[in-house]
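Contents: one structure, followed by commentary.
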Amino acid sequence: MTELATLLEVGGPVAALGGGAAYTRANHPALYWSAVGGPISTVRLLSSYASVMEACGLTVAPSRLRILAVKATTRREVRPVPPRRGIIRPTSTGLRLRLRLAPGQEPADVAASAERLRHAWGVHAVYVTTVKPGVVELRLVGFDVLRKVRMPRKIDGRFLTVPVALREDAMPFVRDYRAVPHQLTLGATLSGKSMYLRHLVSGLAPQDVALVGVDCKRGVELAPFAARLSALATDPDEAAELLPVLVKEMEDRYDLIKARQGIAPSTLDEEITSDIWGLPDSERPVPVVLFVDEVAELFLTATRKDEERRDEMVTQLIRLAQLGRAAGIYLEVCGQRFGAELGTGATMLRAQLTGRVCHRVNDEASAKMALGDIAPEAVLAACAIPAERPGLAVAGDTSGGWSRIRTPYLSLGDAADVCRETAHLVPDLPALKPFRPCAPVPLPSVERPGPAVQPRPLTD
């Protein structure tokens, strides 16, 4: 009886400690990693580094000088040499360390062993990036950071950049319009595409940028941001009037560049390689970001007259995509599906959109439209996005690189509040004044009984 009582006295706290650790790991993975997972993985890494590198085939034969030195000083066996390891730097989501590769090794060798390293050191994932020739960085992620998205607190904010999502390697996914001027975003209903758009608009609202919207769903997606928009078209007829104005604005900016740099007025726009960023600050026009939501609505036609209007709009969009970057005009094209079946010009327009973001789609063909021509291996990743994880997407560009990202939750009201608070930053563009939307007047709040089950936020 005495021994049983002793076991109960000792086992009770141990069981409580184990249950608390399991609860923390399931509901607060970042806290669990900092307190338990991180130290355990660090000990595993330090104690098994050499043997794991050898098992993964990441060691090389020692040099003759090393062999002679070992034999002269000790009698132990001369073992293969692993890459030289740098200092382990813990983070809130994992560990980082740098490896100096041995002669004859390349970063692809380490990347090929990432899955083995993940299991050996007990982490969620291992990512390999090249720092400089001969040096790679291992980024160990301790838990699934996309299950509950928490953006890093410190993100370098630059002009025309928006930290819009979190990548699977715990790094922020930054939408940089100077590096990737035009982008195509696809996603089915309730896939998180609208959330992605909200982050872009609210991130650009505090910057000195003109925001223009084309929302053929009667403005239900972009109308809440009307206070910050310089122009808004809510149906194809209005879009047919707005797009020529943007093309004329682009041509005027090219004329400004020609006049400033002494280029002959007869020079074609296609032959001008400079851009507005070479102009003085006092003469540089404000950048323009054009959001096109449900781009398929611009392609659909019912009559011959609609076909003529569509051809004109598609031509104008292609011109903006081909020539707009140098004039400081950037495109953000969104839709559920975007392929050759939309009609003439769809494939040509898609080829001009460098960045690609594919949320959950309804079929493999839609994923191929977004990613098949730049990163074929990313198509399978896009098709595997589950419906219970809205906001999860696959992002890629024409360089062939891709990664999984997820957008944090942002309510429509919070995004609209940001636009109302920054309404005074709407730039003065006379050509767009006829299309300036009227900011909606907030309706008085009415207390109503709430539903029995509250709707779950998109990314929780």
Side-chain angles (χ1 to χ4, degrees), residues 144-151 162-168 172-173 175 180 182-203 213-225 291-300 331-339 341-342 346 350 353 355-375 377-397 402-415 455-460:
D144 185 5
V145 295
L146 299 184
R147 185 167 69 89
K148 189 175 182 180
V149 179
R150 294 184 181 274
M151 296 294 289
V162 180
V164 69
L166 188 69
R167 298 192 322 196
E168 59 183 344
F173 175 75
R175 176 73 174 94
V180 182
H182 312 306
Q183 182 170 276
L184 173 64
T185 303
L186 294 185
T189 303
L190 297 180
S191 64
K193 184 172 77 279
S194 298
M195 194 73 62
Y196 184 89
L197 188 62
R198 290 177 198 173
H199 276 274
L200 286 177
V201 175
S202 60
V214 175
D215 183 4
C216 292
K217 294 192 299 184
R218 297 297 178 183
V220 295
E221 294 289 347
L222 297 177
F225 316 130
F291 296 97
V292 181
D293 190 52
E294 293 301 341
V295 65
E297 290 294 325
L298 299 180
F299 284 82
L300 299 179
L331 271 62
E332 197 75 36
V333 180
C334 305
Q336 297 186 31
R337 188 177 174 88
F338 191 64
E341 70 275 5
L342 292 180
R350 185 182 62 185
L353 305 177
R356 308 290 176 83
V357 174
C358 182
H359 293 77
R360 178 179 56 83
V361 290
N362 294 324
D363 56 353
E364 184 180 354
S366 298
K368 289 182 178 179
M369 294 174 190
L371 303 168
D373 57 337
I374 61 172
E377 64 276 7
V379 174
L380 295 178
C383 295
I385 296 176
E388 60 271 15
R389 279 204 173 186
L392 190 64
V394 176
D397 53 45
W402 63 276
S403 63
R404 294 180 181 87
I405 64 172
R406 195 178 188 190
T407 310
Y409 177 75
L410 176 65
S411 67
L412 181 60
D414 291 341
R456 180 173 58 88
L458 272 180
T459 55
D460 284 355

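Not measured: the values here are computed from a predicted model.
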| Do P386 and L392 have side-chain heavy atoms sitting under 4.5 Å apart? | yes
| Closest heavy-atom pair and its distance - D215, V220 | OD2-N, 3.3 Å
| note | Interatomic distance, CG@L197 vs SG@C334, rounded to 0.5 Å, equals 5.0 Å
| field | Reported CD-to-CG distance for the pair Q183 and L200, which is rounded to 0.5 angstrom | value | 7.0 Å
| message | How long is the straight-line distance from CG of L166 back to NZ of K148, given to the nearest 0.5 Å? | response | 14.0 Å
| field | Chi angles and distances behind the side-chain contact (heavy atoms from CB on, under 4.5 Å) call for F225, L412 | value | CA-CA 9 Å; F225 316 130; L412 181 60; 3.8 Å; yes
| field | T189 OG1 to Q336 CD distance, which is reported to the nearest 0.5 Å | value | 4.0 Å
| query | Within the distance-only criterion (no hydrogens, no angle test), does the side chain of H199 pair as donor or acceptor with the backbone N or O of V162 below 3.5 angstrom? | reply | no
| message | Whether the side chain of R337 engages the backbone of V361 through a donor-acceptor N/O pair (distance < 3.5 Å, no angle test) should be reported. | response | no
| field | Ionic contact status for R198 with D414, cut-off 4.0 Å | value | no
| query | If you measure from SG on C383 to CG on D363, what distance do you get to the nearest 0.5 Å? | reply | 8.0 Å
| note | Minimal heavy-atom distance between A367 and A382, with the atoms involved, is CB-CB, 4.1 Å
| What heavy-atom pair brings L371 and R356 nearest, and what distance separates the two atoms? | CD2-CB, 3.9 Å
| Between T185 and E332, does a side-chain contact (heavy atoms from CB on, under 4.5 Å) hold up when you go through it step by step? | CA-CA 8 Å; T185 303; E332 197 75 36; 3.8 Å; yes
| Do you know the tightest heavy-atom contact between A370 and L186? | CB-CD1, 3.6 Å
| request: Answer yes or no: is there a side-chain heavy-atom contact under 4.5 Å between P163 and M151? | output: yes
| request: Show your working on side-chain contact (heavy atoms from CB on, under 4.5 Å) between S194 and E221 and close with a plain yes or no. | output: CA-CA 7 Å; S194 298; E221 294 289 347; 3.1 Å; yes
| task | Sort out for me which residue in R404, R389, R150, R406 forms a salt bridge (charged side-chain N to carboxylate O under 4.0 Å, His left out) with D144. | result | R389
| About how many Å separate NZ of K368 and SG of C358, when rounded to the nearest 0.5 Å? | 12.5 Å
| said: If you compare all heavy atoms of R360 against all heavy atoms of S191, which two are closest, and at what distance to 0.1 Å? | reply: O-CB, 3.6 Å
| query | Any idea which heavy atoms bring G192 and H359 closest together, and the distance? | reply | O-NE2, 3.7 Å
| message | I'd like to check V292 versus L331 (side-chain heavy atoms, cut-off strictly below 4.5 Å). Are they in contact? | response | no
